[in-house]
Amino acid sequence: MEISFTFSKKERLKSRKMIGALFIGGKSYLAFPLRVVWQPFPPEFYPTPQSSVQVMVSAPKKTFKTATARNRIKRLVREAWRLHKHEFYLRLPADHPPIALLLMFIAKEELTFKEVEAGVLKMIRKWEP
RNA sequence: CCCGCAGACCGUUCCAUCGCUACCGCGAGGUAGAGGAAAGUCCGGGCAACGCAGAGCAGCUUGCUUCCUAACGGGAAGGCAACGUUUAGGAAUAAACGUUGACGGAAAGUGCCACAGAAAACUAAACCACCGUUUUUGCAAAAAAACGGAACGGGUGAAAACGUGCGGUAAAAGCGCACGCCGUGUUUGGCAACAAGCACGGGGGUAAACCCCAGGCGUUGAAAAACCAAAUAAGCAGUACCCUGCGGAAUGUAGCAGGGAGGGCGGCUCGUCUUUUUUCCGUACGUCGGAUUGUAUUGUGGGUAGGUUGCUUGAGCCAAUGAGCGAUUGUUGGCCUAGAGAAAUGAUGGAAGCGCUUUGCGACGUGUCGCGAAGUGUACAGAACCCGGCUUAUAGGUCUGCUUUUUUU
RNA sequence: GGCUCCGUGGCUCAAUGGAUAGAGCAUCUGACUACGGAUCAGAAGGUUAGAGGUUCGAGUCCUCUCGGAGUCA
């Protein structure tokens, strides 16, 4: 498998409907400082996902008041995912349906890139289909 | 020079690696990519949809004048008021400079003004003190009581019925006079707010209490709106709801048997159960035609998921020059400068710049400057249709003007 | 992105522009009791979210800021 570090529009979760479904019925687990929520796409889902994994990142407004702080957190998490997502792809069975993935940042203060990267690696290790 | 205040402006840069969004290119790749507040949403517009004869009422909102502007609750210039400082005056007050001002109307009306005080607003009101007359007491001075005069003084209060001074009087009072404040009318100056003069008058505060006067305002906001369009509901249009035989009725429109087709149940080359529409009309008497209702299905329709447009060339930016005290604006030339959409503009590493602290060396005017080292800081904050303002946040720096103090000459 | 509302002791709420902002629960102290509860008496606890203004006087009226809640597909 070719290792790619890109993170384009196709790999982002953009469907409002799928996001709503995630919050209602997604499976979740904790990998501090992240809380992971995920769910496979239903087979008849339209528009058909272009990638085997679609990811979104969120940071709560309650702990990070300013838009700048939230942007910073989301960029760090997205950057860590971009650099390590190929490891997740290796753990994914070939015949598995496409999945939607939500990474919620739940720490109370801003962390460094190293700490966020460790969290993303932990999250990939803990994932089980 | 330092500090402070006011105003205007700037508000990090470079390299490497891995990325993101848009556009261009067949491709390799190339080009562009947050702000002064992008923020708060406090105002005003553009734009869009819907509504709309005209006028008024209600509601909301603005409030010295003139000007600027697409418009504004914004800005400019001016007027007036309050406060501070200085000067003049015996004082009320005036002038100059600075700062601030939601700055129409309280002599249209209504309400309110706690406590204290005699009285908080009817040409009002007599608590103490003041003055006169009468009576009583007393040698007298005077005291007490009654009646009357009188808002000058005291006291209360945030505020006491124009202010200061002189006259006047038994004592007093805008009662009279001079100066001053204020209102109305009028003349002059000014585009106007307003100012000055003259005449008449006499006035508590509160309109960010009700209210009066004058001006303005249709409603809803890009989740607006237009287009394409899975799904699904209503509506509209079309099609289907059977075949064979027997047989009843004519005052009627039904029934029976078999077959076909669909569905359910039972381990199933069968069996069994069930459905094959409802209501009505007829000039038809053929088991025919029409209407209606229901079901199924096709099309249409509608517009959800999703997509496209709106979406960045605009009251645009820069420069020169003309008009204006100024806000602003005319002309000419040049430029194109983010366009995302659960939401891009980044991450990591390394340099540099700037500031602060500590410290070493040198210079001189002895607390500053220059050079070097170490540590540390580098803010507030992220476009969401677009503009014009206001308000709030902000490390550090630059420029201009000014007050006071200190030091030196 | 737009709109509406709210903010008063630890909690739940009052207060017409007018004295030192009041009530219940909770807290503390004392009494009662062998002890505790209940009861009785008393006390403490407030920058009325913050700042500025109007007024003689502001929790209340006006402006701005901060925080919170709700609502519109």
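Throughout, a chain's letter reflects where its sequence line sits, starting with A, and its residues are numbered from 1. Keep in mind it's a predicted model, so treat the numbers as computed, not measured.
Here, B/rC198 and B/rC210 have their P atoms 42 Å apart, quoted to the whole Å. Separating the C1' atom of B/rU391 from that of B/rG46 is a span of 23 Å, rounded to the nearest Å. Rounded to whole Å, the separation between the C1' atoms of B/rC162 and B/rA92 comes to 12 Å. To the nearest whole angstrom, the two C1' atoms, one in B/rG174 and one in B/rC200, are 15 Å apart. Taking atom C1' on both B/rC211 and B/rA58, the two are 16 Å apart, rounded to the nearest angstrom. To the nearest whole angstrom, the two P atoms, one in C/rA21 and one in B/rA195, are 48 Å apart.
Using a 4.0 Å heavy-atom distance criterion, A/Ser8 is classed as a sugar-phosphate-only contact. Residue-level contact check: A/Lys65 touches the backbone only, with heavy atoms under 4.0 Å from sugar-phosphate atoms and none from bases. Residue A/Thr68 is in base contact, counting any heavy-atom pair closer than 4.0 Å across all strands shown. The residue A/Arg72 sits close only to the backbone: its heavy atoms come under 4.0 Å of sugar-phosphate atoms, none of a base.
C/rG7 is paired with C/rC66 under the Watson-Crick or G-U wobble criterion, all donor-acceptor distances under 3.5 Å. Nucleotide B/rA81 is matched to B/rU100 when pairs are restricted to Watson-Crick or G-U wobble geometry with both distances under 3.5 angstrom. Under the Watson-Crick or G-U wobble criterion, with both distances below 3.5 Å, C/rU16 has no partner in any strand shown. Under the Watson-Crick or G-U wobble criterion, with both distances below 3.5 Å, B/rC335 is paired with B/rG316. When Watson-Crick and G-U wobble pairs are counted only if both distances are under 3.5 Å, C/rC32 pairs with no nucleotide at all. For B/rG401, the paired nucleotide is B/rC5, the pair qualifying as Watson-Crick or G-U wobble because both relevant distances are below 3.5 Å. Using N1 to N3 plus N6-O4 or O6-N4 for Watson-Crick, or N1-O2 and O6-N3 for G-U wobble, each under 3.5 Å, B/rC268 pairs with nothing.
Within the 4.5 Å cutoff, no side-chain heavy atoms of A/Ile106 are placed close to those of A/Leu34. Side-chain atoms of A/Tyr89 and A/Ser52, non-hydrogen and from C-beta on, do get closer than 4.5 Å to each other.
Interatomic distance, CG of A/Leu76 versus OG1 of A/Thr112, reported as 8.5 Å (0.5 Å rounding). One finds the CH2 atom of A/Trp127 at 5.0 Å from the CH2 atom of A/Trp38 (value rounded to the nearest 0.5 Å).
Residue A/Arg75 has a polar side-chain atom (N or O) positioned under 4.0 Å from OP1 or OP2 of B/rU345. Between A/Lys14 and B/rG341 there is a side-chain polar atom (N or O) within less than 4.0 angstrom of OP1 or OP2.
Nearest-nucleotide mapping onto RNA chain B: of A/Val57 and A/Arg12, the residue sitting toward the 5' end is A/Arg12.
For C/rA43, the base is anti relative to its sugar; the glycosidic angle deviates from 0 by more than 90°. Because its glycosidic torsion is within 90° of 0, B/rG174 is reported here as syn. Glycosidic conformation of B/rU312: syn, with the torsion inside 90° of 0. Anti is the classification of B/rG73, since its glycosidic angle lies more than 90° from 0.
Closest contact between the side chain of A/Phe113 and the listed nucleotides B/rA342, B/rU348, B/rG382 involves B/rU348.
Interface remark: the A/Arg82 side chain does form a donor-acceptor pair with the B/rC18 base, using a distance-only criterion of under 3.5 Å.
Between the side chains of A/Ser4 and A/Thr6, at least one donor-acceptor pair of N or O atoms lies under 3.5 Å.
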